[in-house]
2 protein chains.
Amino acid sequence: MVNSRFSVAIHILSLIASTKNNSHALTSDFIASSVNTNPVVIRRISSQLKKAGLIVSHAGLSGYELALSPKDITLLDIYRAVQAPEDLFAIHDNPNPNCAVGKQIQSTLDDVFSSVQQAMESKLQEETLQDILDHLFS
Amino acid sequence: MVNSRFSVAIHILSLIASTKNNSHALTSDFIASSVNTNPVVIRRISSQLKKAGLIVSHAGLSGYELALSPKDITLLDIYRAVQAPEDLFAIHDNPNPNCAVGKQIQSTLDDVFSSVQQAMESKLQEETLQDILDHLFS
DNA sequence: CCCATTGTAACTATCATAGTTACAACTGTG
DNA sequence: CACAGTTGTAACTATGATAGTTACAATGGG
């Protein structure tokens with residue numbers, strides 16, 4: 001299962017997007033109380049979003065702002081910001097190379113799994129933060 | 001990341017499919033040496049495949065056989081056999097209901113995430129064990 | 001100079017996973 | 001029937017990822 005950083009990241013970005021004016025009210029403490037977690041967890045994920053160029057913030061200065069319009073932030077952007085670049089499916093390692101199946105299984109699974117992962121990522125790319133906002137406030 | 005039981009299950013089924021005759025030679029020990037793990041890990045996953053109706057085996061009698069033709073076993077069947085019925089994406093729990101975003105985020109993410117998961121599962125359903133075999137022995 | 005805040009390092013508790021040991025239950029064979 | 005070999009499972013362990021937490025340096029505004 002994909003960890004909850006992705007879902008928390010979407011929550012954070014939704015809060016930032018829906019607080020355009022008065023953005024300095026968005027402290028990590030405030031966000032943490034909405035997400036219901038520790039402020040450091042928020043700052044940690046915000047840091048990843050910042051490195052990915054999705055948000056802007058300044059040490060010592062409260063608040064976070066979007067670096068892009070919600071319609072220009074896809075869920076894939078967010079996913080990749082908080083997810084270490086890894087494959088969706090684990091493949092067991094060191095299968096027996098002296099076995100016809102063991103010898104070929106890794107490259108076979110690599111191919112098949114990456115096509116499935118591609119399907120998932122395409123779907124993530126179709127959805128933007130704006131779609132999330134529309135759904136939240138409809 | 002999806003655990004390696006899925007990849008091991010595909011490995012097991014590939015071995016069974018490619019050993020139609022002499023199926024009693026397929027002990028969990030032999031399969032384990034191809035996968036490169038402990039025989040109990042193989043028996044544990046085989047047990048799940050058996051419960052899902054994908055393979056047949058008998059206590060005390062060595063060997064495993066497919067219960068269906070490789071073209072009738074989809075990767076989704078295998079995935080569901082070894083994966084507890086769970087969502088692909090975790091959603092953080094207990095968001096603050098006194099916050100406009102916190103109140104709606106779970107149902108919003110439920111909707112969006114399940115459509116993404118659906119895309120992935122559709123792709124898994126398109127691929128069969130026969131496709132894996134074709135790839136393995138091409 | 002303070003105070004509040006961001007950014008991060010470091011530690012901890014919890015949990016899933018895979019590996020392992022052990023053993024009951026079963027089957028065919030001598 | 002006894003035995004050897006096998007499947008099926010329970011129970012335990014080691015490892016690693018995750019999220020939560022404490023602590024504190026660095027920064028900027030009042």
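Computed from heavy atoms alone, side chains included, the values below leave out hydrogens, waters and symmetry copies. By convention in this document, chain letters (A, B, ...) are assigned in the order of the sequence lines, proteins followed by strands, and residues within each chain are numbered from 1.
At distances below 3.5 Å, at least one donor-acceptor pair connects side-chain atoms of B:Asn96 with backbone N or O atoms of B:Asn98.
Residues in residues 17-70 of chain A take part in no ring pair (Phe, Tyr, Trp, His ring centres under 6.0 Å) pair, two or more places apart or across chains.
The CD1 atom of A:Ile16 sits 11 Å away from the P atom of C:dT6 (whole-angstrom rounding). Between the CG atom of A:Asp29 and the P atom of D:dT22 there is a distance of 13 Å, given to the nearest Å. Summarising the geometry, the separation between CD1 on B:Ile31 and C1' on D:dT6 is reported as 12 Å, rounded to the nearest angstrom. In this entry the distance linking CD of A:Gln48 with C1' of D:dT18 reads 12 Å, nearest Å. When the P atom of C:dT6 is taken as reference, atom NE2 of A:His24 falls 12 Å away, rounded to whole Å. Atom CZ in B:Phe30 sits about 17 Å away from atom C1' in D:dG5, given to the nearest Å. Atom CZ of A:Arg43 is separated from atom P of C:dA4 by 14 Å (rounded to the nearest Å).
No hydrogens or angles considered: a donor-acceptor pair under 3.5 Å links the side chains of B:Gln130 and B:Asp134. No side-chain donor from either of B:Ser4 and A:His92 sits under 3.5 Å from a side-chain acceptor of the other.
With sequence neighbours excluded, no residue satisfies side-chain hydrogen bond (donor to acceptor under 3.5 Å, both in side chains) with A:Asn3. For B:Ser46, the side-chain hydrogen bond (donor to acceptor under 3.5 Å, both in side chains) criterion is met by no residue, not counting sequence neighbours.
Listed by residue number, the members of residues 49-65 of chain A with any heavy atom below 4.0 angstrom from DNA chain D are A:Ala59, A:Gly60. Contacts between residues 96-108 of chain B and DNA chain D, defined by a heavy-atom separation under 4.0 Å, are absent.
Counting heavy atoms from C-beta outward, B:Ile10 and B:Ile132 have side chains that approach closer than 4.5 Å. With a 4.5 Å cut-off on side-chain heavy atoms, B:Cys99 and A:Leu15 count as touching. Inter-residue side-chain proximity for B:Asp77 and B:Leu129 is flagged as unmet; no heavy-atom pair is nearer than 4.5 Å. Using a 4.5 Å heavy-atom cutoff, the side chains of A:Val82 and A:Leu49 are in contact.
Within the structure, a side-chain polar atom (N or O) of A:Ser47 is placed less than 4.0 Å from OP1 or OP2 of C:dT8.
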For A:Ile78 and A:Leu124, what are the C-alpha separation, side-chain angles and deciding distance, and is it a side chain to side chain contact (heavy atoms under 4.5 Å, CB included)? CA-CA 9 Å; A:Ile78 306 171; A:Leu124 283 179; over 6 Å; no
Quick one: which protein N/O atoms are closer than 3.5 Å to N/O atoms of nucleotides 10-20 of chain C? Pair and distance per line, please.
{"unit_1": "C:dA10", "atom_1": "N6", "unit_2": "A:Arg44", "atom_2": "NH2", "d": "3.2"}
{"unit_1": "C:dT17", "atom_1": "OP1", "unit_2": "B:Asn3", "atom_2": "ND2", "d": "3.2"}
{"unit_1": "C:dA18", "atom_1": "OP1", "unit_2": "B:Ser4", "atom_2": "N", "d": "2.8"}
{"unit_1": "C:dA18", "atom_1": "OP1", "unit_2": "B:Ser4", "atom_2": "OG", "d": "2.5"}
{"unit_1": "C:dA18", "atom_1": "OP2", "unit_2": "B:Arg5", "atom_2": "NH1", "d": "3.2"}
{"unit_1": "C:dG19", "atom_1": "OP2", "unit_2": "B:Thr37", "atom_2": "OG1", "d": "2.6"}
{"unit_1": "C:dG19", "atom_1": "N7", "unit_2": "B:Arg44", "atom_2": "NH1", "d": "3.4"}
{"unit_1": "C:dG19", "atom_1": "O6", "unit_2": "B:Arg44", "atom_2": "NH2", "d": "3.1"}
{"unit_1": "C:dT20", "atom_1": "O4", "unit_2": "B:Arg44", "atom_2": "NH2", "d": "2.5"}

